[in-house]
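Residue numbers start at 1 and run along the sequence shown.
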Amino acid sequence: MELQSAGRTSTTQQPLLELDAPPAKRGRRTSSAETKTQPCGEGDICQDAPKTRQDFELDKLPENMLHHIHSLMPVLDAGRAACVSRQFLCSWRCYSNLTLNIQTLWSPGDKFEGSEMYFINKVDKILNNYSDNGMKVKTLKLNLWHCSSVSASYLDRWLRIAVKPGIKELRLLLSPSMKEKYCFPCSVLFDEAATSLIESLYISNCTFHPIGTLGCFRRLKSLVLCGVHITEEGLRQLVSKSFSLEWLEIFSCNEIICLKIPCTLQKLKLLKVGRCPKIQVIEISAPNLSAFHHYGFPPEIYIEDSSQLTEVYLSSLYPSGILSYSRAKLPSIASNVERLTLVFCGENVNTPMLHEKLHHLKSLEFEFHGSGACSPVYDIFSLVSFLDASPALESLILRVARNAIVDHCDAGDDVYLKGKSAYQHDRLKRVTITGFCSAKSLIKLVISILESAPSLERLTLDTTPRGCGRKLGDTSICTAAKYKSKCCWIGERSLEESNRAVEAAGRYIAGRIPSAVEFEVLEPCRRCHTGNPVDDVLNKS
């Protein structure tokens, strides 16, 4: 590979692809002063270093152990190690884990002009070198996101070189703006000797239409299809050959209408589906599925056996309605859910009480984005209906985007009289709200929790929009500020709202905190932002 080595004193930068040349041709030039210094042994990595302690000699390690150590290194580090150690040089000639992207193949001295073709030629040289020397590839992670004009002939040749008996991981990331949609050569997956050892397969932005019988993926644990044009029959054939599958992701696959997850996937634990606009039905028969994530408004979902399903993640910003959907469907499709995350914007109606309870729900997380034109008057206090339907709830996290709620609570407003929960949340211990603001409905929600959660141990109100707040009065240098101008960018309006939120927490909430509850309000970093309120704003607590 043509990565530049580190730790060499030569001013000539040796491309790693040329490491197969005899050692005499790769020797570095030394000065007369250097020749008088005792050279290191052949297993030493540091040359001309004073021996103040017993050196660790690589050549005393078993060869198979050295090869294993080398195989675990990232390609850049592995190439550098081969430049300074003869032992690793021998291992480099059979190095089998290839991560080919801009970070690993781009050298500081390389010219930017014609970078796409330059990158393609580098990849071509590397893989042809492997082919010419009979070297096997165990891992190929090929990132061509920035290459919109790579030829299909190149891609076909690279895959035929890599996908041979012994390969364990294949990751092909193509550009969505390719001039011609690439057709994945499914024939490379017909050989069962090659497919039987693959453990991870990631394919993106191409067409996948098997016209023959795929080999059996006996060890395939992870399958990700992103932006892949694949038919329901093609997906069925691929999945039916993957008995050991544990992780399945399907994103932006626009030809699928009915997604069926068969019962043969006995080991499937996680299923992620998103941005597939034509999907109307998802039928899940995998008996041991424990986590289901869906991005976009969910279609009809049928789960044959949901007894093991304990984690659900649903995200839909447009169209809205994910809260109403969850209220109506969750108790029936995931009655044993323990961890639930809902990402939504303002709903057209406030969230009513759930008809059935989620008896096993322990961790609940909401992520509320700006409602915009959806519903500027959404009452976030109505989320209390989820708490009331979750008698086993222990942890609540609410993330509120800036300007998602606009009903500011002014001095003199009585937010205490309205908003008392009808239920006790006896097991609720931890509540965290990021993006906490001075909205009436949000303050009502907090007060309601304080009055109905006798087991509450910790309440954290972070007034920053991204959850990057710090303790009140903390003026120490933040870690992030050492590397950036500000640890967290906050606009002027957001900063003003953070200040109002701190004041509102002190006025309406601090005085109601039980003595056994650890209460914390986080404000924007004082080192990076000015105009924060005084330190004693929460002295009432």
Q: Decide yes or no for Val521 and Thr463: does some side-chain heavy atom of the first lie under 4.5 Å from some side-chain heavy atom of the second?
A: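 With C-beta onward as the side chain, the pair touches.
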Q: So does His68 have more than 12 non-hydrogen atoms from other groups sitting under 6.0 Å from NE2?
A: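 Result for NE2/His68: open.
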Q: Take the angle between the ring planes of Phe297 and Tyr325 and call it parallel below 30°, perpendicular above 60°, tilted in between.
A: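 The rings of Phe297 and Tyr325 stand perpendicular, inter-plane angle above 60°.
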Q: Scan Ser390, Ser452, Ser455 and name whichever one has a side-chain hydrogen bond (donor to acceptor under 3.5 Å, both in side chains) with His425.
A: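 In the set Ser390, Ser452, Ser455, the residue that makes a side-chain hydrogen bond (donor to acceptor under 3.5 Å, both in side chains) with His425 is Ser452.
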Q: Within the distance-only criterion (no hydrogens, no angle test), does the side chain of Glu497 pair as donor or acceptor with the backbone N or O of Ser438 below 3.5 angstrom?
A: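 Side chain of Glu497 to backbone of Ser438: a pair is present.
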Q: Quick one: is the NZ or CZ of Lys444 closer than 6.0 Å to the six-membered ring centre of Phe381, and within 45° of its axis?
A: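 Yes.
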Q: Would you say that Leu330 contacts Val312 through its side chain, given a criterion of any heavy-atom pair below 4.5 Å between the two side chains?
A: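 SC-SC contact between Leu330 and Val312 confirmed.
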Q: Hey, what do you get for SG (Cys147) to CG (Leu174), rounding to the nearest 0.5 Å?
A: 9.5 Å
Q: Decide if the gap between the ring center of Tyr313 and the ring center of Phe292 is smaller than 6.0 angstrom.
A: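 For Tyr313 and Phe292, the ring centres are not under 6.0 Å apart.
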Q: So, applying side-chain contact (heavy atoms from CB on, under 4.5 Å) with Leu100, which one of Leu144, Asn143, Leu142 is it?
A: Leu142
Q: Would you mind reporting whether Leu140 and Leu172 have side-chain heavy atoms less than 4.5 Å apart?
A: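 A side-chain contact is absent here, since even the closest heavy-atom pair is not under 4.5 Å.
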Q: Taking the six-membered ring for Trp, are Phe386 and Phe366 parallel (under 30°), tilted (30 to 60°) or perpendicular (over 60°)?
A: perpendicular
Q: Determine yes or no for a side-chain-to-main-chain donor-acceptor pair under 3.5 angstrom, with Ser306 supplying the side chain and Ile303 the backbone.
A: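 Side chain of Ser306 to backbone of Ile303: no pair is present.
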Q: Going by side chain to side chain donor-acceptor pair (under 3.5 Å), name the pairs with one or both residues in residues 221-237, residues two or more places apart or in two chains.
A: His229-Glu255, Glu233-Arg236
Q: For the residue pair Asn97 and Thr139, confirm or rule out a side-chain donor-acceptor distance under 3.5 Å.
A: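 Judged by distance alone, the side chains do pair up.
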Q: Fit a plane to each ring of Phe184 and Phe208, take the angle between them on a 0 to 90° scale, and name the class: parallel (under 30°), tilted (30 to 60°) or perpendicular (over 60°).
A: tilted
Q: Can you tell me which residue pairs pass the side chain to side chain donor-acceptor pair (under 3.5 Å) test with a partner in residues 195-204, sequence neighbours excluded?
A: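 Counting only pairs at least two positions apart or across chains, no side chain to side chain donor-acceptor pair (under 3.5 Å) contact touches residues 195-204.
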Q: Would you indicate whether the side-chain heavy atoms of Ile509 and Leu461 approach each other to under 4.5 Å?
A: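 A side-chain contact under 4.5 Å exists here.
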Q: Got a sec, which pairs hit side chain to side chain donor-acceptor pair (under 3.5 Å) with one end in residues 258-286, sequence neighbours left out?
A: Ser285-Glu304
Q: Taking His294 for its side chain and Gly296 for its backbone only, find out whether a donor-acceptor pair lies under 3.5 Å.
A: yes
Q: Less than 3.5 Å apart, any donor N or O on the side chain of Glu311 or His293 sitting next to an acceptor on the other?
A: yes
